[in-house]
Undergrad: 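This is the structure I want to talk about, given as structure tokens.
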Amino acid sequence: MNIHQTFRQHVLAAIDGLAAAGRLPADMDLARVGVEPPREAGHGDLSTNAAMLLAKPAKMKPRDIAEMLVEPLRALDAVADASVAGPGFINLTLAPGVWHECLAAILEAGTAYGNSDMGGGAPVNVEYVSANPTGPLHVAHARGAVTGDALANLLAKAGYAVTTEYYINDAGAQVDALARSAHLRYREALGDEIGEIPEGLYPGDYMVPVGEALAAEGGDAWRDAPEAEWLERFRDRAIEMMMETVRADLAALGVEQKVFTSERGLVDAGAVDAVFEILEGRGLIYTGVLEPPKGKKPDDWEPRPQTLFKATDFGDDVDRPMKKSDGSWTYFANDIAYHYDKYQRGFTTMIDIFGADHGGYVKRMKAAVAAMSDGGADLDIKLCQMVHLKKGGEPMRMSKRAGNFVTLRDLIDEVGKDVVRFIMLTRKNDSQMEFDLDKVVEQTRDNPVFYVQYAHARCRSVLRAAAELFGGPVSAADLAGADLAALDDPSELELIKRMAEWPRAVEAAAEAHEPHRVAYYLHDLAESFHALWNKGKDDVRLRFIHEDDDGLTRARLALVQGVALVIASGLEVFGVTPVEELR
RNA sequence: GCGCCCGUAGCUCAAUUGGAUAGAGCGUCUGACUACGGAUCAGGAGGUUGGGGGUUCGAGUCCUCCCGGGCGCGCCA
């Protein structure tokens, strides 16, 4: 049961009634009519903007429409009070029974509460991380990994058929450099003195095991052989081992993508040629000479003709090259083929999670998707801005080139998987964020993970105490049948109202592709619960367990169980395990 | 020089996608708490939403011009 949807239907019915009576024009566009909780709690439980939206098409004053509309709404049994306020808002206060029914529905649904059919089973592809297979994941990848994973969970909860995906960039010059790095480490494993790792190669220690593995597998067969004889083998083996590392890093974060697509695989299968022909067939490919970027002319700039895609036809600033001067495909061309591959697999909605350094890539990729699908596919790109790590009040610097970056694994070892996941989701993806390693493991209100987990632990604690009292665990289904009318304190009703907002929060966050909103929802819910808890400290009558009153206790337990379920439901979206108790 | 993102309380960030008096946490000031589990709760102070103009019933949100910060800018991926 979604209370906002239910009352939206009531509002639409009221409009229809007035239209039928000739008091409002018929056939007005009602798509934007909404029912929301008002920002200000004093304005009631629900609010609709209907009168203000209808004012223009009806050629009437918003307040006049509101006055007409409020009558049938006031007459509803579920409505305790209805009023017109401000420029034409209609505010509704609901009867307590509505909230009691709502709580019963939550208990029956369990953590499935908040599930929506908004997506209607439509396929969505979420691609994230897609780090080059040239080393372990670092902190910047963590944000993308968590954002993508939570977004995928969120969309699934909102009723989409989600496929999670990782694009392996195993075709460029960077993997040849990886192969050469592996060869050095291989020689090192055989006892050669290799000195400093040259500029342009990968100096990290993580290459040592790769060299050792190759030495163990092939002996010294490629020690002095020309590069052409070993490059391919070393490259493939190194990529394989790097991807094992990547998968293990992701697994440690609780991320497990369903599909891994190889760039090299697509190129070898001719996918790039195929999509190139499609674009060419649409007249979107030509040979031309690009202008140098103004004010930042590269030293070695010389104009030369290139094979270009008409990205400007689709909103990009300049046309983009498809081929390098040696005739091979650019990364961009390969990426078009990859997105075309997704499109052919049935995905008309795609979401890519990129790092901030790919900001300049967004327009051209969207242009390419629009072009290759002839407008049939939609691509949303979420850019994750940088994460500034802090520890002991000092910033922690990372530098992938130097090979001494802060790895994802370091971060997880330091604070734990659940903390990394939750904290990374407490900020909108396009804002830079600060991640204070000291703060996030503190058990204080300042730490949002703790604050939410503590609320859940408190709920579980009450339920454990109750189980002892009743001589066995009390099931949610059992509690749904309790007489909930005993829940009549304003702070109890306030708590149920918060829970009733969960389905709407899921839909809004899913629609906007913004999982971070769930973190704020959970924080607010936890806050309401902690507030009620403390009232029970002051006022014994508000405590949850009353040994001399089974009926009241069961109603209160239903409330507590409801909070625990909704928190668990939210944490499930984040891939965070709700804790039973805090040590 | 161009493009994208950001700019909101001293600090870190929200704001139901155009809604009502812009909200939280930290910090600061005042109170409550020998217990269903202590790390919590109640309240005060703190704002010209970087600045100017515009759109309309209504702007932190949309348009425009400045200012400041980040990222990027033809054969790197």
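Sequence lines set the chain letters: A, B, ... in the order given, protein chains first and strands last, and positions in each chain run from 1. The model shown is predicted, which means the values in this text are computed figures rather than measured ones.
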Undergrad: Just the rounded figure in Å: distance from P of B:rG3 to CZ of A:Phe314.
TA: 21 Å
Undergrad: Using atom names, set out every protein N or O paired with an N or O of nucleotides 68-72 of chain B below 3.5 Å, distance rounded to 0.1 Å.
TA:
unit_1 : atom_1 : unit_2   : atom_2 : d
B:rG70 : O2'    : A:Gln432 : NE2    : 3.0
B:rC71 : O2'    : A:Ala356 : O      : 2.9

Undergrad: Does A:Tyr520 make a side-chain donor-acceptor contact with the base of B:rA14, cut-off 3.5 Å?
TA: no
Undergrad: In whole Å, measure the gap between the P atoms of B:rU28 and B:rC11 for me.
TA: 16 Å
Undergrad: Is there a side-chain contact between A:His523 and the phosphate of B:rG23, meaning an N or O under 4.0 Å from OP1 or OP2?
TA: no
Undergrad: Select one nucleotide: of B:rA15, B:rC41, B:rC36, the one nearest the side-chain heavy atoms of A:Tyr451.
TA: B:rC41
Undergrad: For B:rC13 versus B:rC75, give the span between their P atoms, rounded off to a whole number of Å.
TA: 33 Å
Undergrad: Tell me whether A:Arg541 is salt-bridged to A:Asp539, with the criterion being a basic N under 4.0 Å from an acidic carboxylate O.
TA: yes
Undergrad: For B:rU17, give its Watson-Crick or G-U wobble partner with both distances under 3.5 Å, or none.
TA: none
Undergrad: Side chain of A:Tyr331 only, heavy atoms from C-beta on: which candidate in B:rG37, B:rA14, B:rA77 is closest?
TA: B:rA77
Undergrad: When you get a sec, tell me which of B:rA15, B:rA14, B:rC36 is the closest nucleotide to the side chain of A:Trp533?
TA: B:rC36
Undergrad: Looking across every strand, which nucleic acid part, if any, lies under 4.0 Å from A:Pro62 by heavy atom: base, sugar-phosphate, or nothing?
TA: nothing
Undergrad: Among B:rG19, B:rU56, B:rG37, find the nucleotide with the atom closest to the side chain of A:Asn49.
TA: B:rG19
Undergrad: Going by modelled atom types, is there a donor-acceptor pair between the base of B:rG37 and the side chain of A:Arg464 at under 3.5 Å?
TA: yes
Undergrad: Using the side-chain heavy atoms of A:Glu527, tell me which of these nucleotides is nearest: B:rA24, B:rG38, B:rG74.
TA: B:rA24
Undergrad: Check whether any side-chain N or O of A:Lys535 sits under 4.0 Å from OP1 or OP2 of B:rU40, and answer yes or no.
TA: no
Undergrad: State whether A:Lys366 places a side-chain N or O below 4.0 Å from either non-bridging phosphate oxygen (OP1 or OP2) of B:rG3.
TA: no
Undergrad: So, OP1 or OP2 of B:rA35: does either fall under 4.0 Å of a side-chain N or O from A:Arg543?
TA: no
Undergrad: Flag this pair as yes if the NZ/CZ of A:Lys363 is under 6.0 angstrom from the six-membered ring centre of A:Phe314 and inside a 45 degree cone about the axis; otherwise no.
TA: no
Undergrad: Starting the side chain at C-beta, find the nucleotide from B:rU12, B:rG3, B:rC41 nearest to A:Asp317.
TA: B:rG3
Undergrad: Give a yes or no on whether a donor-acceptor pair under 3.5 Å exists between the nucleobase atoms of B:rA14, that is its base, and the side chain of A:Thr426.
TA: no
Undergrad: Rounding to an integer number of angstrom, what distance separates B:rG53 and B:rC41 when you compare their P atoms?
TA: 42 Å
Undergrad: Taking the P atom in each of B:rA59 and B:rA20, what is the distance between them to the nearest angstrom?
TA: 10 Å
Undergrad: When you check the phosphate oxygens OP1 and OP2 of B:rG19, does a side-chain N or O of A:Thr48 lie under 4.0 Å from one of them?
TA: no
Undergrad: I'd like to know if the side chain of A:Asn91 pairs up with that of A:His43 as donor and acceptor (distance under 3.5 Å, no hydrogens or angles considered).
TA: no
Undergrad: What about A:Arg32, does its side chain sit under 3.5 Å from the base of B:rU17 through a donor-acceptor pair?
TA: no
Undergrad: Rounding to the closest angstrom, what is the interatomic distance between B:rA22 and B:rG60 at atom C1'?
TA: 7 Å
Undergrad: Quick one: does A:Asn534 reach the base of B:rA35 with a side-chain donor-acceptor pair under 3.5 Å?
TA: no
Undergrad: For A:Lys537 and B:rC33, what is the distance between atoms NZ and P respectively, to the nearest whole Å?
TA: 10 Å
Undergrad: Side chains of A:Tyr167 and A:Asp352: donor-acceptor distance under 3.5 Å anywhere?
TA: no
Undergrad: Can A:Lys324 be said to sit on top of A:Trp329's aromatic six-ring, NZ or CZ under 6.0 Å from centre and within 45° of the ring axis?
TA: no
Undergrad: Could you tell me whether the side chains of A:Gln443 and A:Tyr451 share a donor-acceptor contact shorter than 3.5 Å?
TA: no
Undergrad: Is A:Lys439 close enough to B:rU12 that one of its side-chain N or O atoms is under 4.0 Å from OP1 or OP2 there?
TA: no
Undergrad: When you get a sec, tell me which of B:rC13, B:rA24, B:rA15 is the closest nucleotide to the side chain of A:Arg427?
TA: B:rC13
Undergrad: Across the strands shown, which category fits A:Glu263 at heavy-atom distances under 4.0 angstrom: base, sugar-phosphate, nothing?
TA: sugar-phosphate
